[in-house]
Each structure stands twice: as structure tokens, then as C-alpha cells.
Amino acid sequence: MKKILVANRGEIAIRVMRSAREMGIKTVAVFSEADRNALHVRYADEAVFIGPPPSSQSYLNIDKIISAALDTGADAIHPGYGFLSENAIFSDKVRESNIVFIGPSGDSMRMMGSKIDAKITAEKLGVPLVPGTARAIEDVSEAKKVAKDIGFPILIKASAGGGGKGMRIVNSEAEFEEQMKLAVSEARSSFSDGSVFIERYVASPRHIEIQILSDKHGNAVHLFERECSVQRRHQKVVEEAPSSVLTQKQRMEMGECAVKLAKACHYSGAGTVEFLLDENMNFYFLEMNTRLQVEHPVTEFITGLDLVKEQIKIARGEKLSFTQEELKITGHSLEIRVYAEDPLNNFLPDIGKLQTYQVPHGPGVRVDDAYAEGMEIPIYYDPMIAKLITYGANRSEAISRMIRAIEDYTISGVATTLEFCKMVMLHPAFVSGKFDTHFVKNFFDPETLKQEDDEEMKLASVLALISLMRNRNGATDPVVSNSDQLISNWRLKRRSIND
Ligand code: MV4
């Protein structure tokens with residue numbers, strides 16, 4: 001492998017090119033009209049223009065990307081994440097063009113792409129599933145019987161859905177029929193596939209995912225877990241490794257399940273198996289992501305591996321150079337996603353120019369980004385500016401380092417989620433590790449805040465919100481002597497922002 005075309009943009013394109021370079025492999029960037037001056041284009045050895053700004057006409061255009069690879073003599077394509085990374089047809093077409101696809105086969109992607117097919121595979125392997133139907137269910141009366149057996153509340157999910165799309169909670173038998181009909185017709189119109197399945201609704205789950213690596217010789221290992229429970233509307237906010245709640249025994253059990261699934265679909269490359277963890281620490285398989293994930297750096301920190309290099313070696317046909325027994329977790333790592341979004345305006349994307357842009361440095365700090373001071377955030381793509389990753393000997397050091405790094409990060413010109421992430425780092429529920437997927441909704445939603453009856457949590461949230469707003473207003477720290485004063489200040493400020 002002498003030259004890799006990276007079929008992506010932004011931080012991940014640069015991330016992939018860095019590893020390629022270290023391996024002595026040349027790189028080719030592709031870029032749309034909106035990315036003429038983007039850093040991934042400047043970083044690459046060569047760059048090919050592939051079309052207008054909308055991704056449907058550029059980064060998602062299979063033929064243009066394969067032509068770009070053929071024209072530049074690239075012998076491999078790395079898809080990054082998002083865009084074409086989980087597109088089975090793309091994976092197949094790249095290989096049919098005699099180019100190495102750095103990722104799994106189209107067949108592996110198809111096997112894991114359908115939630116129902118993935119569940120059936122998992123069931124056969126004895127991988128735990130949330131109680132429910134592993135098969136598509138169409139008949140309403142049959143579905144009702146299943147729902148009654150599982151017990152309410154239940155969740156109806158679309159097989160072709162994802163990221164929370166096509167999910168419906170049903171609280172009682174009386175609502176069931178109507179909700180089921182709605183779920184089916186919604187799935188049909190959104191995904192042109194009306195198949196749905198039913199699961200018991202896990203009320204307060206944690207989201208744990210296992211990173212796997214699988215070579216083309218039947219060897220597979222897991223690289224332990226990442227916990228991604230802190231998310232907002234299915235968008236991850238904080239990711240960490242290891243999880244603060246898993247025991248070594250559970251970690252190994254989940255890891256073995258993930259490896260079994262990878263082997264069952266003849267997986268090759270880096271992949272992630274997602275699980276839900278319920279209140280009683282039972283884990284259930286959810287789905288598999290057949291790509292390198294945004295949050296892979298936390299796994300790199302705790303294992304000392306470079307996942308992109310591993311992907312490249314696997315794609316070249318090499319065997320994994322280590323066994324499961326040789327892998328171990330060292331230290332703790334956290335990642336926050338820095339988005340150009342305004343937390344004070346319902347996280348609406350904020351576009352504009354990065355007037356000031358200074359990234360943090362120092363021990364245990366990594367910034368994966370693709371911006372420099374003075375650059376504009378394009379409106380056409382994901383508003384993520386950067387990933388800020390920290391590493392420490394333990395969780396508390398990783399947290400202190402993250403707070404320090406956030407404070408050292410200076411961005412002006414666009415609103416960002418940096419201060420919001422600092423609030424999360426300071427929150428008692430986050431610090432103690434006692435949180436679930438409802439963390440953001442529970443503690444940072446203004447409506448919920450008003451009703452919050454846990455005084456300590458309320459105070460912490462309010463303090464954090466005030467600090468956020470102070471920073472936004474550029475004011476200096478007021479000296480506030482008691483919590484009532486803080487709360488009334490907070491109410492005043494909220495009103496002035498909303499009204
Ligand atoms: C669930 C669940 C509760 N019970 N399944 C959301 C996205 C999709 N991949 C799976 N999801 C969920 N499935 C059962 N049976 C709760 C969620 C869920 C969730 C899962 C992981 C991370 C964040 C989440 C936020 C809301 C709901």
C-alpha cells in the first residue's frame with residue numbers, strides 16, 4: 001500500500017492522513033467547493049476536487065471518489081466515519097475497482113446494518129438481548145400478546161432506524177395498537193421498510209460500547225469499552241474509557257460477546273459493538289457500527305494503540321500483532337466534542353468565523369481538529385469544531401485535566417459547547433459516576449431544572465449555568481455569598497436570554 005485516498009473531510013481526514021504518513025504512505029484528499037481552503041486539503045500530498053458543497057454531490061458521490069482514486073493511482077481508500085463509511089455498495093465497488101477498502105466487506109456491513117438481522121445473529125450466538133422479539137413483527141394482535149408478556153413500558157423500534165429514529169415508547173396496553181400502527185407507517189415512510197420489533201423499555205440505561213479489531217485470518221480481539229452515556233438527543237457529548245461502573249468480569253464478558261459477533265459476520269477491521277446496561281448491571285446487545293468511531297481516541301489512550309494504523313495493517317492483509325492477553329487498560333481517558341452550537345439557544349448550530357482559535361496543549365491533552373484562527377465553519381457539514389481528549393493516571397486526573405484544557409481553549413466568533421462540557425465535568429453526578437443516558441435532560445434542561453427537587457443537584461446545575469453565562473457575557477466573576485442569590489441571578493439571566 002503506497003497511497004491512500006481519504007474519502008472524508010475535517011478532523012478525521014487529517015487524523016487518518018497522520019497515521020498514513022507515519023507509515024510512509026502517501027495521501028490523497030478529496031474536497032468540495034466549500035472546502036477549497038480546508039486543512040485536510042493542505043495536509044494531504046495531493047488533493048482532488050469532487051464537486052459542489054452539498055455532500056450528496058461530493059463526499060457521498062461514489063463514482064467521483066473512485067475516479068479520484070484511480071486518477072491519482074491511490075491503491076486504498078479510507079472512508080473515515082459518517083459519509084460513505086458504512087455504505088455496503090461503496091465497500092463493494094471500491095474492491096471491484098481493485099482498490100483496497102480500509103474497512104469491512106459489503107456483506108459484513110449488510111449483516112450488521114439491519115437491526116433485526118443483527119439481533120438474530122446475536123441470539124444464535126447466545127449474546128444477551130433486551131427481552132422482546134428478535135424478529136420483525138407485523139401482526140398487531142400477535143405484537144400485543146408479545147408486549148403483554150414482556151410487560152409495559154415497551155419500546156417499538158424500526159429495523160432500519162438508527163440514532164433513536166423510529167423509536168416509540170408505549171406505556172400501556174391501551175395505547176399499544178395505535179402506537180404500533182404509527183410506528184409501522186413511520187418506518188415505511190422514513191426508511192421504506194416497515195419492519196419493526198419490540199423490546200422491554202430499559203428506563204435508565206447506560207450506553208457502553210466495545211471496540212473490536214478483526215483481521216482477515218480469523219483473529220479478533222476487543223479493546224475494552226467506552227462509555228458514552230452523556231449524550232443529548234442521541235448526539236454524544238462526553239465519551240470515556242474505561243467506564244466507571246464495569247467490573248473486570250463484565251468487561252471481559254461483554255468483550256467476548258463483541259468478538260463472537262465480529263467473527264460471526266467475518267468482520268475485518270475496526271468495529272464497535274453497542275450495548276445497553278440496565279439498573280441491575282445486565283447488559284444487552286443493541287447494534288454494531290462497522291466503522292472507526294468519532295470517540296476512538298479514548299481507546300487509543302488507554303491501550304496505547306493507533307487504531308488507524310491497525311486498520312491499515314489489517315487492510316494490507318497482516319495478522320493482528322498482539323493477542324487478547326497482551327492487551328490491558330492503563331489509565332483513564334475522556335473526550336468531549338466541541339461543537340459550533342449555542343447551548344443557550346437550544347444547541348442551534350452557530351456558523352461564522354473563528355475570530356480567536358487557540359487550542360490547549362500539555363501533558364495528557366490531545367486535540368483532533370481541522371481548523372485554524374480566521375477560518376469559517378461551513379454550513380454544509382457537521383458543526384463539530386474539534387474533539388478534545390485528555391488522559392490521566394485515573395478518572396479524577398483525566399477530569400481535572402479536561403477542565404484545565406477547556407479553560408486553556410480559547411474560541412471566539414462562534415458559540416461553542418466548551419463551557420457546557422465544563423459544567424458536565426464539574427457536575428456531582430458526573431464526578432461520582434452515577435449517571436445514565438438521561439444525564440443531560442435531567443440536569444441541564446431548563447424545564448427540568450425548575451422542577452428538580454434534589455437541592456444539591458439543583459445548586460450544582462445552577463452554579464454551572466451561571467458560570468456558563470458569565471463566560472458568554474465576558475463579565476468578571478461576581479462575588480455571590482449564598483445560593484438564593486445565585487438562583488435569583490440565574491432566573492434573571494434566563495429571562496433576559498429567553499424573552
Ligand atoms: C433502548 C433504550 C431503552 N430500552 N432500547 C437509542 C438509540 C438506539 N441505538 C438505541 N437507543 C435506545 N434503545 C431499549 N429496549 C434506550 C435507548 C436510548 C439510548 C441508548 C443509548 C444512548 C443514548 C440513548 C438515549 C435515549 C434512548
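Atoms within a ligand are numbered from 1 in the order they appear, just like the ligands themselves. This chain uses plain numbering: 1 for the first residue, then up along the sequence. Being a predicted model, the structure only gives us computed values, none of them experimental.
Side-chain contact check for N8 versus V16: every heavy-atom pair is 4.5 Å or farther apart. At a threshold of 4.5 Å between non-hydrogen side-chain atoms, the residues D369 and I385 do not count as touching.
Cation-pi contact between R232 and F443: absent, since separation from the ring centre below 6.0 Å together with deviation from the ring axis within 45° is not met. Cation-pi geometry between R206 and F435 is met: the NZ or CZ atom falls under 6.0 Å from the ring centre, inside 45° of the normal.
E407 is linked by a salt bridge (Lys or Arg N to Asp or Glu O under 4.0 Å) to K422, counting only residues two or more places apart in sequence or in another chain.
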Would you tabulate the polar-atom pairs, meaning N/O of ligand 1 against N/O of the protein, with distances under 3.5 Å, reported to 0.1 Å?
unit_1   : atom_1 : unit_2 : atom_2 : d
ligand 1 : 4 (N)  : V202   : N      : 2.9
ligand 1 : 5 (N)  : K157   : NZ     : 2.9
ligand 1 : 5 (N)  : E199   : OE1    : 3.4
ligand 1 : 9 (N)  : E287   : OE1    : 3.0
ligand 1 : 13 (N) : K157   : NZ     : 3.0
ligand 1 : 15 (N) : E199   : OE1    : 2.8
ligand 1 : 15 (N) : R200   : O      : 2.8

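Between E186 and R168 there is a salt bridge, since a side-chain N of the basic residue sits under 4.0 Å from a carboxylate O of the acidic one.
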